[in-house]
Amino acid sequence: MQSLNGWTALVTGAGAGIGEACAIALSQAGARLVLAGRRRDRLEALAAKLPTPSHLLELDVRSRSAVEAALSSLPAPFDEVDLLVNNAGLGLGMEPAHEASLDDWDTMIDTNCKGLVYVTRAVLPGMVKRDRGHLVNLGSVAATYPYPGGNVYGATKAFVHQFSQNLKADLVGTRVRVTDVQPGMVETDFSRVRFRGDAERARKVYEGMQPLSPADIADIVLFCVTRPPHVNLNVVEVMPADQGFGPFNVKRR
Ligand code: NDP
Ligand code: 8X3
(Lines give C-alpha, C1' and ligand atoms only; values in the text may rest on other atoms or scores of the structure.)
(Ligands and ions follow the chains in the order given, each with its own letter.)
Protein backbone atom coordinates (compact mmCIF):
# COMPACT_ATOMS: atom_id res chain seq x y z
CA MET A 1 0.00 0.00 0.00
CA GLN A 2 1.34 3.42 -1.02
CA SER A 3 2.07 5.64 1.99
CA LEU A 4 0.29 8.96 2.36
CA ASN A 5 3.18 10.47 4.32
CA GLY A 6 3.44 14.15 3.46
CA TRP A 7 -0.15 14.34 2.17
CA THR A 8 -2.73 16.68 3.64
CA ALA A 9 -6.27 15.29 3.57
CA LEU A 10 -9.39 17.36 4.24
CA VAL A 11 -12.46 15.37 5.27
CA THR A 12 -15.81 17.13 5.59
CA GLY A 13 -18.29 15.68 8.05
CA ALA A 14 -15.33 14.02 9.78
CA GLY A 15 -16.95 13.77 13.20
CA ALA A 16 -19.16 10.77 12.47
CA GLY A 17 -19.86 7.76 10.29
CA ILE A 18 -18.11 7.44 6.94
CA GLY A 19 -16.17 10.69 7.35
CA GLU A 20 -14.74 9.60 10.68
CA ALA A 21 -13.74 6.20 9.28
CA CYS A 22 -12.08 7.87 6.27
CA ALA A 23 -10.13 10.23 8.54
CA ILE A 24 -8.88 7.29 10.61
CA ALA A 25 -7.88 5.25 7.55
CA LEU A 26 -6.10 8.16 5.86
CA SER A 27 -4.30 9.08 9.07
CA GLN A 28 -3.22 5.47 9.60
CA ALA A 29 -1.81 5.57 6.06
CA GLY A 30 0.28 8.61 7.03
CA ALA A 31 -1.71 11.68 5.93
CA ARG A 32 -2.09 14.73 8.14
CA LEU A 33 -5.76 15.65 8.48
CA VAL A 34 -7.97 18.70 8.31
CA LEU A 35 -11.15 17.63 10.08
CA ALA A 36 -14.25 19.66 9.21
CA GLY A 37 -17.72 19.48 10.71
CA ARG A 38 -20.21 21.38 12.81
CA ARG A 39 -19.74 19.47 16.11
CA ARG A 40 -16.38 20.51 17.52
CA ASP A 41 -16.52 17.97 20.38
CA ARG A 42 -16.74 15.12 17.85
CA LEU A 43 -13.77 16.48 15.91
CA GLU A 44 -11.73 16.86 19.10
CA ALA A 45 -12.49 13.28 20.16
CA LEU A 46 -11.46 12.04 16.72
CA ALA A 47 -8.28 14.11 16.63
CA ALA A 48 -7.19 12.54 19.92
CA LYS A 49 -7.38 9.09 18.30
CA LEU A 50 -5.41 9.87 15.15
CA PRO A 51 -1.77 8.83 14.80
CA THR A 52 -0.92 11.91 12.66
CA PRO A 53 -1.35 15.66 13.33
CA SER A 54 -4.71 17.25 12.58
CA HIS A 55 -6.27 20.68 12.31
CA LEU A 56 -9.91 21.20 13.28
CA LEU A 57 -12.39 23.29 11.33
CA GLU A 58 -15.73 23.91 12.98
CA LEU A 59 -17.53 24.50 9.72
CA ASP A 60 -20.99 24.37 8.22
CA VAL A 61 -20.40 23.63 4.55
CA ARG A 62 -23.67 25.37 3.65
CA SER A 63 -22.08 28.74 4.35
CA ARG A 64 -20.16 29.88 1.29
CA SER A 65 -18.44 32.71 3.19
CA ALA A 66 -17.47 30.40 6.08
CA VAL A 67 -16.04 27.81 3.69
CA GLU A 68 -14.06 30.43 1.78
CA ALA A 69 -12.73 32.04 4.97
CA ALA A 70 -11.79 28.73 6.60
CA LEU A 71 -10.06 27.24 3.60
CA SER A 72 -8.16 30.39 2.64
CA SER A 73 -6.63 30.67 6.11
CA LEU A 74 -5.47 27.14 6.85
CA PRO A 75 -2.19 27.23 8.78
CA ALA A 76 0.94 25.50 7.46
CA PRO A 77 1.47 22.59 7.01
CA PHE A 78 -2.28 22.04 6.50
CA ASP A 79 -2.69 24.75 3.86
CA GLU A 80 -1.90 22.64 0.79
CA VAL A 81 -4.74 20.13 0.56
CA ASP A 82 -3.83 17.13 -1.60
CA LEU A 83 -6.86 15.02 -0.90
CA LEU A 84 -10.43 16.20 -0.33
CA VAL A 85 -13.08 13.77 0.86
CA ASN A 86 -16.37 15.55 0.23
CA ASN A 87 -18.37 13.51 2.69
CA ALA A 88 -20.61 15.96 4.60
CA GLY A 89 -24.16 15.22 3.61
CA LEU A 90 -27.53 13.96 4.70
CA GLY A 91 -30.92 12.65 3.73
CA LEU A 92 -33.99 14.16 5.37
CA GLY A 93 -37.37 12.43 5.34
CA MET A 94 -38.81 9.76 3.06
CA GLU A 95 -42.19 11.27 2.33
CA PRO A 96 -43.44 11.18 -1.26
CA ALA A 97 -42.58 14.34 -3.20
CA HIS A 98 -46.07 15.83 -2.90
CA GLU A 99 -45.89 15.63 0.90
CA ALA A 100 -42.21 16.27 1.53
CA SER A 101 -40.94 19.35 3.34
CA LEU A 102 -39.50 22.04 1.11
CA ASP A 103 -37.24 23.04 4.01
CA ASP A 104 -35.78 19.51 4.04
CA TRP A 105 -35.24 19.71 0.29
CA ASP A 106 -33.45 23.04 0.71
CA THR A 107 -31.21 21.59 3.43
CA MET A 108 -30.25 18.58 1.30
CA ILE A 109 -29.52 20.74 -1.75
CA ASP A 110 -27.60 23.29 0.33
CA THR A 111 -25.47 20.59 1.98
CA ASN A 112 -25.07 17.78 -0.55
CA CYS A 113 -24.77 19.97 -3.65
CA LYS A 114 -23.89 23.55 -2.78
CA GLY A 115 -21.69 22.74 0.22
CA LEU A 116 -19.77 20.18 -1.80
CA VAL A 117 -19.32 22.70 -4.60
CA TYR A 118 -18.08 25.43 -2.22
CA VAL A 119 -15.46 23.19 -0.63
CA THR A 120 -14.34 21.81 -3.99
CA ARG A 121 -13.98 25.25 -5.55
CA ALA A 122 -11.94 26.44 -2.56
CA VAL A 123 -9.32 23.65 -2.72
CA LEU A 124 -9.19 22.96 -6.46
CA PRO A 125 -7.01 25.88 -7.66
CA GLY A 126 -4.23 24.86 -5.26
CA MET A 127 -4.39 21.25 -6.44
CA VAL A 128 -4.17 22.29 -10.08
CA LYS A 129 -1.34 24.73 -9.36
CA ARG A 130 0.65 22.03 -7.57
CA ASP A 131 -0.42 19.44 -10.18
CA ARG A 132 -1.27 17.03 -7.41
CA GLY A 133 -4.58 16.14 -5.84
CA HIS A 134 -7.55 13.83 -5.49
CA LEU A 135 -11.20 14.72 -5.00
CA VAL A 136 -13.28 11.93 -3.53
CA ASN A 137 -16.99 12.69 -3.52
CA LEU A 138 -19.48 10.68 -1.49
CA GLY A 139 -22.31 9.93 -3.85
CA SER A 140 -24.80 7.13 -3.38
CA VAL A 141 -26.54 4.31 -5.18
CA ALA A 142 -29.52 6.66 -4.85
CA ALA A 143 -27.94 8.69 -7.70
CA THR A 144 -28.77 5.89 -10.11
CA TYR A 145 -31.60 3.84 -8.64
CA PRO A 146 -34.77 5.69 -7.63
CA TYR A 147 -36.85 4.51 -4.68
CA PRO A 148 -40.07 5.82 -3.13
CA GLY A 149 -39.26 8.77 -0.88
CA GLY A 150 -35.75 9.15 -2.28
CA ASN A 151 -36.79 12.12 -4.46
CA VAL A 152 -34.50 15.08 -3.70
CA TYR A 153 -31.91 13.03 -1.80
CA GLY A 154 -31.41 10.86 -4.90
CA ALA A 155 -31.35 13.96 -7.09
CA THR A 156 -28.61 15.56 -4.98
CA LYS A 157 -26.49 12.43 -5.36
CA ALA A 158 -27.11 12.43 -9.12
CA PHE A 159 -25.72 15.97 -9.01
CA VAL A 160 -22.66 14.68 -7.16
CA HIS A 161 -22.15 12.08 -9.88
CA GLN A 162 -22.53 14.50 -12.79
CA PHE A 163 -20.38 17.14 -11.08
CA SER A 164 -17.67 14.52 -10.47
CA GLN A 165 -17.68 13.47 -14.13
CA ASN A 166 -17.54 17.08 -15.28
CA LEU A 167 -14.69 17.86 -12.90
CA LYS A 168 -12.84 14.93 -14.42
CA ALA A 169 -13.46 16.42 -17.86
CA ASP A 170 -11.94 19.74 -16.80
CA LEU A 171 -8.97 18.13 -15.09
CA VAL A 172 -7.75 15.93 -17.92
CA GLY A 173 -4.05 16.57 -18.37
CA THR A 174 -3.50 17.46 -14.73
CA ARG A 175 -2.48 15.09 -11.96
CA VAL A 176 -5.70 15.85 -10.10
CA ARG A 177 -8.00 12.86 -9.91
CA VAL A 178 -11.73 12.63 -9.20
CA THR A 179 -13.65 9.68 -7.80
CA ASP A 180 -17.37 9.35 -7.04
CA VAL A 181 -17.86 6.66 -4.38
CA GLN A 182 -21.46 5.47 -4.41
CA PRO A 183 -22.40 3.31 -1.42
CA GLY A 184 -25.62 1.49 -0.74
CA MET A 185 -26.68 0.87 2.86
CA VAL A 186 -24.01 1.81 5.41
CA GLU A 187 -24.89 1.68 9.10
CA THR A 188 -24.13 5.15 10.50
CA ASP A 189 -26.23 7.98 11.95
CA PHE A 190 -27.59 8.52 8.42
CA SER A 191 -30.99 6.91 9.07
CA ARG A 192 -31.31 8.46 12.53
CA VAL A 193 -30.77 11.89 10.94
CA ARG A 194 -33.15 11.05 8.10
CA PHE A 195 -35.88 10.05 10.55
CA ARG A 196 -35.22 13.03 12.84
CA GLY A 197 -33.82 11.12 15.78
CA ASP A 198 -36.28 8.19 15.67
CA ALA A 199 -33.74 5.54 16.73
CA GLU A 200 -36.20 2.65 16.47
CA ARG A 201 -37.17 3.46 12.89
CA ALA A 202 -33.48 3.90 12.03
CA ARG A 203 -32.59 0.54 13.61
CA LYS A 204 -35.25 -1.23 11.50
CA VAL A 205 -33.54 -0.07 8.28
CA TYR A 206 -30.64 -2.46 9.02
CA GLU A 207 -32.63 -5.19 10.80
CA GLY A 208 -31.99 -8.77 9.71
CA MET A 209 -29.33 -7.88 7.12
CA GLN A 210 -25.66 -7.01 7.19
CA PRO A 211 -25.12 -3.44 6.06
CA LEU A 212 -21.78 -2.01 4.99
CA SER A 213 -19.75 -0.42 7.77
CA PRO A 214 -18.09 3.01 7.61
CA ALA A 215 -14.75 1.16 7.65
CA ASP A 216 -15.76 -0.71 4.46
CA ILE A 217 -16.18 2.63 2.69
CA ALA A 218 -12.97 4.05 4.14
CA ASP A 219 -11.15 0.99 2.83
CA ILE A 220 -12.45 1.75 -0.67
CA VAL A 221 -11.53 5.43 -0.42
CA LEU A 222 -8.02 4.44 0.67
CA PHE A 223 -7.77 2.03 -2.25
CA CYS A 224 -8.83 4.73 -4.73
CA VAL A 225 -6.35 7.32 -3.48
CA THR A 226 -3.40 4.94 -3.27
CA ARG A 227 -3.52 3.79 -6.91
CA PRO A 228 -0.55 4.93 -9.02
CA PRO A 229 -0.94 8.57 -10.16
CA HIS A 230 -1.94 7.62 -13.72
CA VAL A 231 -4.92 5.54 -12.50
CA ASN A 232 -8.26 7.31 -11.92
CA LEU A 233 -11.20 5.34 -10.57
CA ASN A 234 -14.10 7.41 -11.88
CA VAL A 235 -17.00 5.73 -10.08
CA VAL A 236 -17.13 3.02 -7.45
CA GLU A 237 -20.58 1.63 -6.71
CA VAL A 238 -20.80 -0.66 -3.70
CA MET A 239 -23.68 -2.40 -1.92
CA PRO A 240 -23.96 -4.90 0.88
CA ALA A 241 -24.30 -8.45 -0.40
CA ASP A 242 -27.73 -8.38 1.26
CA GLN A 243 -28.97 -5.39 -0.78
CA GLY A 244 -30.28 -5.56 -4.35
CA PHE A 245 -32.54 -3.83 -6.85
CA GLY A 246 -36.30 -3.48 -6.65
CA PRO A 247 -38.52 -4.60 -9.50
CA PHE A 248 -40.45 -1.98 -11.49
CA ASN A 249 -43.41 -0.85 -9.44
CA VAL A 250 -46.56 -1.38 -11.52
CA LYS A 251 -49.90 -0.20 -10.20
CA ARG A 252 -52.60 -2.53 -11.57
CA ARG A 253 -56.22 -1.54 -11.57
P1 NDP B 1 -23.66 10.51 9.36
O2 NDP B 1 -24.95 11.17 9.71
O3 NDP B 1 -23.11 9.49 10.27
O4 NDP B 1 -22.54 11.61 9.09
C5 NDP B 1 -22.81 12.75 8.35
C6 NDP B 1 -21.68 13.74 8.56
O7 NDP B 1 -21.93 14.91 7.77
C8 NDP B 1 -21.56 14.17 10.00
O9 NDP B 1 -20.21 14.11 10.37
C10 NDP B 1 -22.05 15.60 9.98
O11 NDP B 1 -21.30 16.34 10.93
C12 NDP B 1 -21.72 16.04 8.57
N13 NDP B 1 -22.54 17.15 8.11
C14 NDP B 1 -23.87 17.16 7.85
N15 NDP B 1 -24.27 18.38 7.50
C16 NDP B 1 -23.15 19.17 7.53
C17 NDP B 1 -22.91 20.54 7.28
N18 NDP B 1 -23.92 21.37 6.91
N19 NDP B 1 -21.66 21.02 7.40
C20 NDP B 1 -20.66 20.20 7.76
N21 NDP B 1 -20.81 18.90 8.03
C22 NDP B 1 -22.05 18.39 7.92
O23 NDP B 1 -23.90 9.87 7.91
P24 NDP B 1 -22.94 9.07 6.92
O25 NDP B 1 -21.59 8.94 7.48
O26 NDP B 1 -23.66 7.85 6.51
O27 NDP B 1 -22.95 10.07 5.67
C28 NDP B 1 -21.77 10.58 5.07
C29 NDP B 1 -22.01 10.74 3.57
O30 NDP B 1 -22.21 9.45 3.00
C31 NDP B 1 -23.22 11.58 3.20
O32 NDP B 1 -22.89 12.39 2.10
C33 NDP B 1 -24.25 10.53 2.80
O34 NDP B 1 -25.20 11.03 1.91
C35 NDP B 1 -23.35 9.49 2.17
N36 NDP B 1 -23.92 8.16 2.05
C37 NDP B 1 -24.34 7.48 3.17
C38 NDP B 1 -24.88 6.21 3.02
C39 NDP B 1 -25.42 5.43 4.18
O40 NDP B 1 -26.16 4.45 3.95
N41 NDP B 1 -25.06 5.76 5.42
C42 NDP B 1 -24.95 5.58 1.70
C43 NDP B 1 -24.50 6.40 0.62
C44 NDP B 1 -23.99 7.62 0.80
P45 NDP B 1 -21.90 17.47 11.89
O46 NDP B 1 -23.33 17.13 12.14
O47 NDP B 1 -21.03 17.44 13.10
O48 NDP B 1 -21.71 18.72 11.08
C1 8X3 C 1 -27.89 6.43 1.35
C2 8X3 C 1 -28.29 5.05 0.92
O3 8X3 C 1 -30.08 3.66 -0.17
O4 8X3 C 1 -30.76 5.09 1.69
O5 8X3 C 1 -27.33 7.11 0.29
O6 8X3 C 1 -30.28 6.05 -0.45
S7 8X3 C 1 -29.93 4.99 0.47
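Starting from 1, each residue takes its place in the sequence as its number. All ligand and atom numbering here is 1-based and tracks the order in the structure.
Looking from atom 21 (N) of ligand 1 to the surrounding protein, the closest heavy atom is Ala88 CB, 3.5 Å. Nearest protein heavy-atom neighbour of atom 34 (O) of ligand 1: Tyr153 OH, 2.6 Å. For atom 12 (C) of ligand 1, the closest heavy atom belonging to the protein is Gly13 CA, 3.5 Å. The protein heavy atom nearest to atom 44 (C) of ligand 1 is Gly139 O, 3.1 Å. Annotation: atom 29 (C) of ligand 1 to nearest protein heavy atom, Asn87 O, 3.1 Å. From the protein, the heavy atom lying nearest to atom 41 (N) of ligand 1 is Val186 O, 3.0 Å. Thr188 OG1, 3.5 Å is the protein heavy atom nearest to atom 23 (O) of ligand 1. For atom 7 (S) of ligand 2, the closest heavy atom belonging to the protein is Tyr147 OH, 3.6 Å. Nearest protein neighbour of atom 3 (O) of ligand 1, counting heavy atoms only, is Asp189 N, 3.3 Å.
Of all heavy-atom pairs between Thr107 and Thr111, the closest is O-OG1, 2.7 Å. When every heavy atom of Val235 is checked against every heavy atom of Gln165, the shortest pair comes out as CG2-OE1, 4.0 Å. Between Asn151 and Pro96, the shortest heavy-atom distance links the atoms ND2-C, 3.9 Å. Of all non-hydrogen atoms in Ala69 and Ser72, the two that sit nearest each other are O-OG, 3.2 Å. Between Arg177 and Val231, the shortest heavy-atom contact is NH1-O, 2.8 Å. Heavy-atom minimum distance, Pro53 versus Phe78: O-CE2, 3.8 Å.
Residues Met239 and Leu138 do not share a hydrophobic cluster, defined by chaining ILVMFWY side chains whose heavy atoms lie under 4.5 Å apart. Tracing side-chain contacts under 4.5 Å through hydrophobic residues (I, L, V, M, F, W, Y), one never reaches Val221 starting from Val160; they form parts of separate clusters.
Residue-ligand proximity, Met185 to ligand 1, at heavy-atom distances under 4.0 Å covers atoms 40 (O). Close approach of ligand 1 to Ile18 (heavy-atom distance below 4.0 Å) involves ligand atoms 25 (O), 26 (O), 30 (O), 37 (C). Within ligand 1, the atoms closer than 4.0 Å to a non-hydrogen atom of Arg39 are 8 (C), 11 (O), 45 (P), 46 (O), 47 (O), numbered from 1 in the order shown. Interface atoms of ligand 1 facing Gly17, defined by a heavy-atom separation under 4.0 Å, are 3 (O), 25 (O). Counting the atoms of ligand 2 from 1 in the order shown, those under 4.0 Å from a heavy atom of Ala142 are 6 (O). Near Arg194, meaning under 4.0 Å from one of its heavy atoms, ligand 2 places the atoms 4 (O). Those atoms of ligand 1 with a heavy atom of Ser140 less than 4.0 angstrom away are 43 (C), 44 (C). The distance from ligand 1 to the heavy atoms of Asp60 drops below 4.0 Å at these ligand atoms: 17 (C), 18 (N), 19 (N). Of all atoms in ligand 2, numbered sequentially from 1 with element shown, those under 4.0 Å from a heavy atom of Ser140 are 1 (C), 2 (C), 5 (O), 6 (O).
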Would you mind writing out the side-chain donor-acceptor pairs for residues 17-31 within the sub-3.5 Å range, not counting sequence neighbours?
| residue | atom | partner | partner atom | Å |
| --- | --- | --- | --- | --- |
| Glu20 | OE2 | Lys49 | NZ | 3.1 |
| Ser27 | OG | Thr52 | N | 3.3 |
| Ser27 | OG | Thr52 | OG1 | 2.6 |

Sequence neighbours left out, cut at 3.5 Å: what donor-acceptor pairs do the side chains of residues 178-191 make with other protein atoms?
| residue | atom | partner | partner atom | Å |
| --- | --- | --- | --- | --- |
| Thr179 | OG1 | His134 | NE2 | 2.8 |
| Thr179 | OG1 | Leu233 | O | 2.7 |
| Asp180 | OD1 | Gly139 | N | 3.4 |
| Asp180 | OD2 | His161 | ND1 | 3.0 |
| Asp180 | OD2 | Gln182 | NE2 | 2.9 |
| Thr188 | OG1 | Phe190 | N | 2.9 |
| Ser191 | OG | Tyr206 | OH | 2.8 |

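The closest heavy-atom contact to atom 17 (C) of ligand 1, among the options Gln243, Arg38, Arg42, comes from Arg38. Taking all heavy atoms of Gly19, Ala16, Gly89 into account, the minimum distance to atom 7 (O) of ligand 1 is reached by Gly89.
The side chain to side chain contact (heavy atoms under 4.5 Å, CB included) test with Leu56 singles out one residue from Leu43, Leu33, Val34, and that residue is Leu43. Between Val81 and the options Leu74, Leu124, Leu71, a side chain to side chain contact (heavy atoms under 4.5 Å, CB included) holds for only Leu74.
Put simply, CZ on Arg192 and CG on Leu90 are 11.5 Å apart, with the number rounded to the nearest 0.5 Å.
Of the N or O atoms in Leu138, none lie within a sub-3.5 Å distance of an N or O in ligand 1.
Comment: Arg175 does not engage Asp131 in a salt bridge, judged by the lack of any side-chain N to carboxylate O separation of less than 4.0 angstrom. Arg203 and Glu200 are joined by a salt bridge, as a carboxylate oxygen and a charged side-chain nitrogen come within less than 4.0 angstrom of each other.
Using modelled atom types, no side-chain atom of Asn166 and backbone atom of Phe163 make a donor-acceptor pair closer than 3.5 Å.
At least one heavy atom of Gly184 sits under 4.0 Å from some atom of ligand 1. Residue Lys157 places a heavy atom less than 4.0 Å from ligand 1. Heavy-atom separations between Thr12 and ligand 1 are all 4.0 Å or longer. Ligand 2 lies within reach of Tyr153, whose nearest heavy atom is under 4.0 Å from it. Residue contacts with ligand 2 leave out Lys157, since none of its heavy atoms falls under 4.0 Å from the ligand. Taking 4.0 Å as the cut-off, Ala36 does not count as a neighbour of ligand 1 on heavy-atom distance.
At a heavy-atom distance under 4.0 Å, only backbone atoms of Leu59 (N, CA, C or O) approach ligand 1.
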